[in-house]
Number of protein chains: 2
Amino acid sequence: MRADARHNRERILRAAREAYAVRGIDVPVTTIARRAGVAAATLYRHFPTRAALINEAFAEQFAHCVAALDEALADPDPWRGFCSVIEKVCAMQATDRGFTGAFLTQFPDAIDYDSERTRAEDGIAELVRRAKDTGQLREDFDPTDITLLLLANCGVVEGSQQVSPAASRRLVTYLLQSFRAGHAEPLAPPAPLELHQIHQPARRH
Amino acid sequence: MRADARHNRERILRAAREAYAVRGIDVPVTTIARRAGVAAATLYRHFPTRAALINEAFAEQFAHCVAALDEALADPDPWRGFCSVIEKVCAMQATDRGFTGAFLTQFPDAIDYDSERTRAEDGIAELVRRAKDTGQLREDFDPTDITLLLLANCGVVEGSQQVSPAASRRLVTYLLQSFRAGHAEPLAPPAPLELHQIHQPARRH
DNA sequence: CGTTAAACGGATGACACATTCCATTTACGG
DNA sequence: CCGTAAATGGAATGTGTCATCCGTTTAACG
């Protein structure tokens with residue numbers, strides 16, 4: 001592979017990550033090409049399709065999420081692990097408008113996402129169980145409340161633009177305090193809110 | 001005005017409200033016309049522009065919000081008023097995907113929204129102050145946390161589709177429990193999150 | 001019944017975007 | 001240095017979606 005080609009490939013990926021982070025997943029490929037300082041055709045030489053570009057651009061971040069969960073599971077204090085993974089993932093959402101907010105909702109069928117997802121769901125279920133066992137997480141907490149929180153965070157991130165990180169942190173703090181066991185009337189049973197049924201991009205007509 | 005014209009006008013408004021409620025503010029006027037059983041041109045005879053239709057369609061709901069706030073202010077128990085107005089508005093968001101989620105964020109300059117908004121903000125500030133005075137609302141609560149909650153609710157509503165109302169209620173319950181005074185470490189000062197700086201529809205290059 | 005507002009269906013035109021064609025440039029092995 | 005294949009850029013191409021309007025037909029109402 002020629003040196004300039006490899007170089008451009010990197011530039012494109014960097015530009016894509018930046019653009020997606022700031023403006024969300026909807027930025028046109030044309031824009032990304034321009035920001036990368038190359039022509040659209042060049043971008044297409046490296047990534048045959050829009051989706052391919054997106055997949056590559058987010059692969060790294062996705063790995064970070066998985067890692068965060070693994071670390072949480074490795075933490076001897078399940079509550080601390082629980083908080084930490086939530087805080088990390090939400091911070092990622094807040095920092096990168098494209099990630100989760102758009103990726104998980106608009107590309108549920110991208111990549112080999114499915115196998116990763118069930119693994120993630122199992123890990124979360126395990127973490128929740130342990131945190132309840134130590135009495136730190138309220139008994140009426142439901143694993144789908146994580147989805148609830150992610151969606152809520154998503155809304156805050158989309159809406160607050162400039163101050164996303166701070167706003168997101170504040171929301172997460174409020175919610176984690178509410179998740180903490182001990183001080184609150186119990187909740188009604190939750191709505192079934194599975195990750196895979198989130199926001200199928202509104203079908204037209 | 002001819003009888004059938006008035007009749008169609010009503011049909012159009014009803015169709016618009018339904019469509020916006022279910023699918024959000026983005027439904028094409030063409031679709032609304034079809035659902036109303038009229039041709040697009042007919043719709044344009046009644047509402048000269050897309051925005052005009054939207055304004056009329058949501059006027060009623062907007063009034064409901066204002067009313068909810070007035071009721072809350074009239075309640076002798078400020079905390080109950082506080083909860084009730086939040087619950088009502090969030091339920092409205094959950095029931096009607098178009099309202100707030102799209103209206104407040106995509107049409108910040110529609111109608112005479114500004115005067116209403118400041119009045120609403122003043123009312124909320126007053127309510128918050130009273131609820132703190134009675135010691136029921138935590139001291140480090142900030143009026144902009146209402147915005148935070150609305151955005152969070154917005155995210156949940158957008159994401160959870162079929163089960164929006166239940167999911168929204170659950171989120172609100174969690175957050176209200178967290179807002180309640182007494183049991184939590186204080187929060188860091190909030191990010192400035194004013195209603196009017198929300199989600200200026202992403203400007204295209 | 002005639003008049004005329006109202007409604008209809010099918011344009012029209014604008015826009016945004018993914019993707020591709022082909023002439024030109026450029027890296028780099030010899 | 002030079003030749004060549006790889007890489008690139010600029011301008012198309014094609015598609016889809018919409019808001020909005022035109023000329024004709026329908027039917028309400030006096």
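These figures come from a predicted structure and were not determined experimentally. Proteins come first, then strands; the chains are lettered A, B, ... in the order of their sequence lines, and each starts at number 1.
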Identify which nucleotide among dA7(D), dC21(D), dA19(D) has an atom closest to any side-chain atom of R45(A), counting heavy atoms from C-beta outward. dA7(D)
Quick one: does F179(B)'s side chain get under 4.5 Å of Y174(B)'s, heavy atoms only? no
From dA7(C), dC21(D), dA19(D), pick the nucleotide closest to the side chain of T30(B)? dA19(D)
Measure from the side chain of V29(A), starting at C-beta and using heavy atoms only, and say which of dT20(D), dA18(C), dC21(C) lies closest. dA18(C)
For T49(B) and dT20(D), is the shortest distance between a side-chain N/O and OP1 or OP2 below 4.0 Å? yes
Assert yes or no for the condition that the ring centre distance of F141(B) to F82(B) is strictly below 6.0 Å. yes
Rounding to an integer number of Å, can you tell me how far F47(B) CZ sits from dA19(D) P? 15 Å
Strictly below 4.0 Å: does N8(A) bring a side-chain N or O up to OP1 or OP2 of dA7(D)? no
Which of these nucleotides, dA7(C), dA19(D), dG9(D), is closest to any side-chain atom of A39(A)? dG9(D)
Closest nucleotide among dA27(C), dA28(D), dT20(D) to the D4(B) side chain: dA28(D)
Atom-to-atom span, OH of Y44(A) to C1' of dA11(D) - whole angstrom: 16 Å
So, is T42(B) near the phosphate of dC8(C), with a side-chain N or O under 4.0 Å from OP1 or OP2? yes
Among dA27(C), dT19(C), dC21(C), the one nearest any side-chain atom of R50(A) is dT19(C)
One thing to verify: whether E18(A) and R14(A) come together as a salt bridge, which I'm taking to mean a side-chain N less than 4.0 angstrom from a carboxylate O. no
Grab the CG-P distance between L43(A) and dT20(C) for me, whole Å please. 12 Å
Centroid-centroid distance, F58(B) to Y20(B), less than 6.0 Å: yes
Round to the nearest Å and state the distance from R34(B) atom CZ to dA19(D) atom P. 12 Å
In whole Å, I'd like the distance from the NE2 atom of H7(B) to the C1' atom of dA27(D). 15 Å
Within the structure shown, what part of the strands sits under 4.0 Å from A5(B) by heavy-atom distance: base, sugar-phosphate, or nothing? sugar-phosphate
Atom pair distance, as rounded to whole Å: CD1 in I25(A) and P in dA18(C): 12 Å
Salt bridge or not between E60(B) and R17(B)? Use side-chain N to carboxylate O under 4.0 Å. yes
Interatomic distance where CE belongs to M1(A) and P belongs to dA5(D) [whole Å]: 19 Å
Would you state whether a donor and an acceptor, one from the side chain of R2(A) and one from the base of dA7(D), lie under 3.5 Å apart? no
Please determine whether a side-chain nitrogen or oxygen atom of H46(B) lies at a distance below 4.0 Å from atom OP1 or OP2 of dA6(C). no
Rounded to the nearest Å, what distance is computed from the CZ atom of residue R6(A) to the C1' atom of nucleotide dA6(D)? 14 Å
Any base atoms under 4.0 Å from A3(A), or only sugar-phosphate, or nothing? Heavy atoms, all strands. sugar-phosphate
